[in-house]
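Chain naming here is simple, since letters A, B, ... match the order of the sequence lines and numbering starts at 1 in each.
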Number of protein chains: 4
Amino acid sequence: MPVISAKRMQDRADSILRAAKTVFSEKGYEGSSIADIARAADVSDGLVYRYFRNKRDLLYHVLRVFYERILVDLERSVMAETTFEAQLRELIRRHLSVFVADTDLCRLFISEVRVASDYHGSAIQELNRAYTSVLIKIVDQAVAAGTVRGDINPRLLRDIIFGAIEHRAWRFVNSRGALDVEETTDELTALLTRGLLAPPARRRAGARAG
Amino acid sequence: MPVISAKRMQDRADSILRAAKTVFSEKGYEGSSIADIARAADVSDGLVYRYFRNKRDLLYHVLRVFYERILVDLERSVMAETTFEAQLRELIRRHLSVFVADTDLCRLFISEVRVASDYHGSAIQELNRAYTSVLIKIVDQAVAAGTVRGDINPRLLRDIIFGAIEHRAWRFVNSRGALDVEETTDELTALLTRGLLAPPARRRAGARAG
Amino acid sequence: MPVISAKRMQDRADSILRAAKTVFSEKGYEGSSIADIARAADVSDGLVYRYFRNKRDLLYHVLRVFYERILVDLERSVMAETTFEAQLRELIRRHLSVFVADTDLCRLFISEVRVASDYHGSAIQELNRAYTSVLIKIVDQAVAAGTVRGDINPRLLRDIIFGAIEHRAWRFVNSRGALDVEETTDELTALLTRGLLAPPARRRAGARAG
Amino acid sequence: MPVISAKRMQDRADSILRAAKTVFSEKGYEGSSIADIARAADVSDGLVYRYFRNKRDLLYHVLRVFYERILVDLERSVMAETTFEAQLRELIRRHLSVFVADTDLCRLFISEVRVASDYHGSAIQELNRAYTSVLIKIVDQAVAAGTVRGDINPRLLRDIIFGAIEHRAWRFVNSRGALDVEETTDELTALLTRGLLAPPARRRAGARAG
DNA sequence: AATGAATGAGGCTTCATTCAT
DNA sequence: GATGAATGAAGCCTCATTCAT
């Protein structure tokens, strides 16, 4: 017989988690204090420790919830597309959207977790792996189908795409500018699929004549 | 007449800067204390404040020196190449090398500075801009020369390249694996120039016949 | 009509008391938390406060039970001996055995209670008095019988004996060595009854002659 | 060039040490906070940590100073006596005096340190050993000289004497009664040297005739 | 009667920064 | 110019105790 209902407890935990998400996002991990979070959750300092082992644990839960949210439907919606290019475009669009919608959490992840010594091999890394594995999968399929060149290293490609998006989104976000998700998606997809180089001269023959 | 010579002052400042670089690199910004740095520089705590406004200022100076170092010759050595692809390859190689050689400083930059609210518009950002502008320049030239497709957005390309390298290098660095600079340079250059997609079928016809 | 039977209440109290004994013994008073004890007793934190006023009260009850246990039969078994020396030996043996068997409780008593400001005049002190009074009694009888010198101060003797045993046992206990109860009993009894000094020379002369 | 004179620093350290001695003595180790001690020393909390590694270190320094003080001249003054009995008496007197004069420190030692897991093998234990070794020495000499019975175990005797005194003094101290050092010294010395038992009857015959 | 969630004070310790020397 | 002693504000976390359920 719990003293308060399970729902009430869940609410409390959620409330602390939400508060932590907000505070961490705004002030960074080191810059946030448990007292800040407790105050934001309208809860006593001590209660935070009933629901989370310590400050670090709280951070991980925040990021776990985040990852679980962005993972939902990712694979399904990407695989719903039929061509490699459409799949790639969908993945890029979704990932850009995450950055636009959850900039602060992305920053948190980048600046506090990926850097951390305990990241390698952690549950968070596992979620990250699950997230990026969707890309690996579509590239493998496309290589098998002959759509994508066989000398492509899927893991390098993964780093290119996620690194590029992260960088791109970050810049916009921090310069407080707006990122046009659709346009960026198109440009990035085009660049990746077709490459930088102009087509061979014979196809441009007409242009040369002009 | 200064009580100590200007040269001696410069030596002191350098010594503190060097110490700060080491300590920050090893322990991160929050993890380092002024006392740590002063001890490493064989100087009193108080003296640090004569040369640098505060801990944050010290960090910025460390990164400034770092940037100035990696900027040296960058433009010259890239422009020394004659084709766009060679220029791109050179830029990628150099940037990958920076990550490999100065992992800790890169981490410092990524986790402590780019995140900071005072980064936008700062002197550090200016250096970053100077660093990345080399890429913009070679792309603009290549577009003008018709080597690179005219619909390429040079700023997007910049984010792709630097984002990709950062991501790639970071992964290797944190998984304690070795990053093969030459191989990664080749793969990344190839991917960016030629794109992901396999050439049109008619070009493969010959191969198929073989 | 109580909601639970008196017996059940007693069981609960006993269970808490047993848990407290274990936990206090293992971790010391300050090192133990009510939560520790409640968990060990398989009971809620709050219930502890229904049976005991507070943490301190719990400690006193633990020690009370301890004292009551070691008091049982003490007087009877000591008085069953017929000579003073045998009575003294029995008392020493039993007290040494308590230290060996219940080291942790003894430590608890020494370090947490005897020191406490509320000890003087407390129920625990009363039990301690009852315990040590057995010694006073046999000494008084032996003095009356002429077996023990009349100038002996029984209270000083009491402190000597209990202090000596405590000291001796403590040393062994903390150095993780084994204390030989029988040997220590013999030596201590001999020393106390016969004193330190060698017999006068003239008595040794005869011995030497014999 | 120290910022403040060495003397000033020593004064600070002494002042903190004195404050710690007082506060620990009054409230026990666990009951004292660094803030209490800093306030008593009229110093900031942080300064305590410049002079002492941590709270425990502070406790050990307090006890070290104490031991060094009571060790001074102990051996010299005991060995100045010529007979075993006089030496023993001197040792007992001095030790009783320590308890009377420094009750609180004795309590501190007994309740906080001897109990501690880090006592065994510590510097404090070494000081304790030095202190008690004086007794071992005079007993060994007396045994060699034939004054003390050869079957006496000097280490057992040490525990008897120090245990007895500790117990005796403790009781008085805590009952706020006054301990008569001279009287207790005499009684304890007599008891230990001559033993409890009345002399054989034939020797009392003469006394009876007297 | 029993629970255990909730409180909130308080503990130890660190450290950026200042300023008397 | 240089020192490093001194400050004091936080920070994280624990836990005895209470009280709504």
Using whole Å, report how far [atom1] of [X] lies from [atom2] of [N].
X: D:Y51; N: E:dT13; atom1: OH; atom2: C1'; value: 18 Å
X: A:D42; N: E:dG8; atom1: CG; atom2: C1'; value: 14 Å
X: A:D11; N: E:dA6; atom1: CG; atom2: P; value: 10 Å
X: A:D36; N: F:dA10; atom1: CG; atom2: C1'; value: 11 Å
X: B:R39; N: F:dT3; atom1: CZ; atom2: P; value: 15 Å
X: C:K27; N: F:dT14; atom1: NZ; atom2: P; value: 12 Å
X: C:L59; N: F:dC15; atom1: CG; atom2: C1'; value: 17 Å
X: A:M9; N: F:dT21; atom1: CE; atom2: C1'; value: 14 Å

*asked:* Holding to salt bridge (Lys or Arg N to Asp or Glu O under 4.0 Å), I want the full list of residues that pass it with D:R64, two or more places apart in sequence or in another chain.
replied: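 In terms of salt bridge (Lys or Arg N to Asp or Glu O under 4.0 Å), with neighbours along the sequence ignored, D:R64 is linked to D:E68.
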
Sorted by chain and number, sequence neighbours left out, salt bridge (Lys or Arg N to Asp or Glu O under 4.0 Å) with B:D102 holds for B:R69

>> Is any side-chain heavy atom of C:L17 closer than 4.5 Å to one of C:Y51?
In response: no

message = Test your reading of the model: is there a side-chain donor-acceptor pair from C:K27 to the backbone of C:D36, 3.5 Å cut-off?
response = no

Pairing string of DNA chain F (Watson-Crick or G-U wobble, both atom distances under 3.5 Å; | = paired to other strand) is .||||||||||||||||||||

Residues pairing under ring pair (Phe, Tyr, Trp, His ring centres under 6.0 Å) where one sits in residues 30-49 of chain D, two or more places apart or in two chains, turn out to be none

**Message:** Just checking A:F52 against A:Y60, ring centres under 6.0 Å apart?
**Reply:** no

key: Check: D:F109 ring centre within less than 6.0 Å of D:F66 ring centre   =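 Ring centres of D:F66 and D:F109 not closer than 6.0 Å.
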
By nearest-nucleotide position on DNA chain E, the 5'-leaning member of B:G31 and C:L47 is C:L47

Between C:V43 and A:S44, the residue closer to the 5' end of DNA chain E by nearest nucleotide is C:V43

Mind jotting down which residue pairs meet the side-chain hydrogen bond (donor to acceptor under 3.5 Å, both in side chains) criterion with at least one end in residues 13-26 of chain B? Sequence neighbours excluded, please.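 Of all non-adjacent pairs touching residues 13-26 of chain B, those that pass side-chain hydrogen bond (donor to acceptor under 3.5 Å, both in side chains) are B:Q10-B:D14.
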
List, with names and distances, any nitrogen or oxygen atoms from the protein found under 3.5 Å away from nitrogen or oxygen atoms belonging to nucleotides 16-18 of chain F.
residue : atom : partner : partner atom : Å
F:dA16  : OP1  : C:S32   : O            : 3.2
F:dA16  : OP1  : C:K55   : NZ           : 2.9
F:dA16  : OP2  : C:I34   : N            : 2.7
F:dT17  : OP2  : C:Y49   : OH           : 2.9
F:dT17  : OP2  : C:K55   : N            : 3.2

Exercise for review: Tell me, please, whether A:F24 has A:R107 positioned over its six-membered ring: NZ or CZ under 6.0 Å from the ring centre and within 45 degrees of its axis?
Suggested key: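 Cation-pi check for A:R107 and A:F24: fails.
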
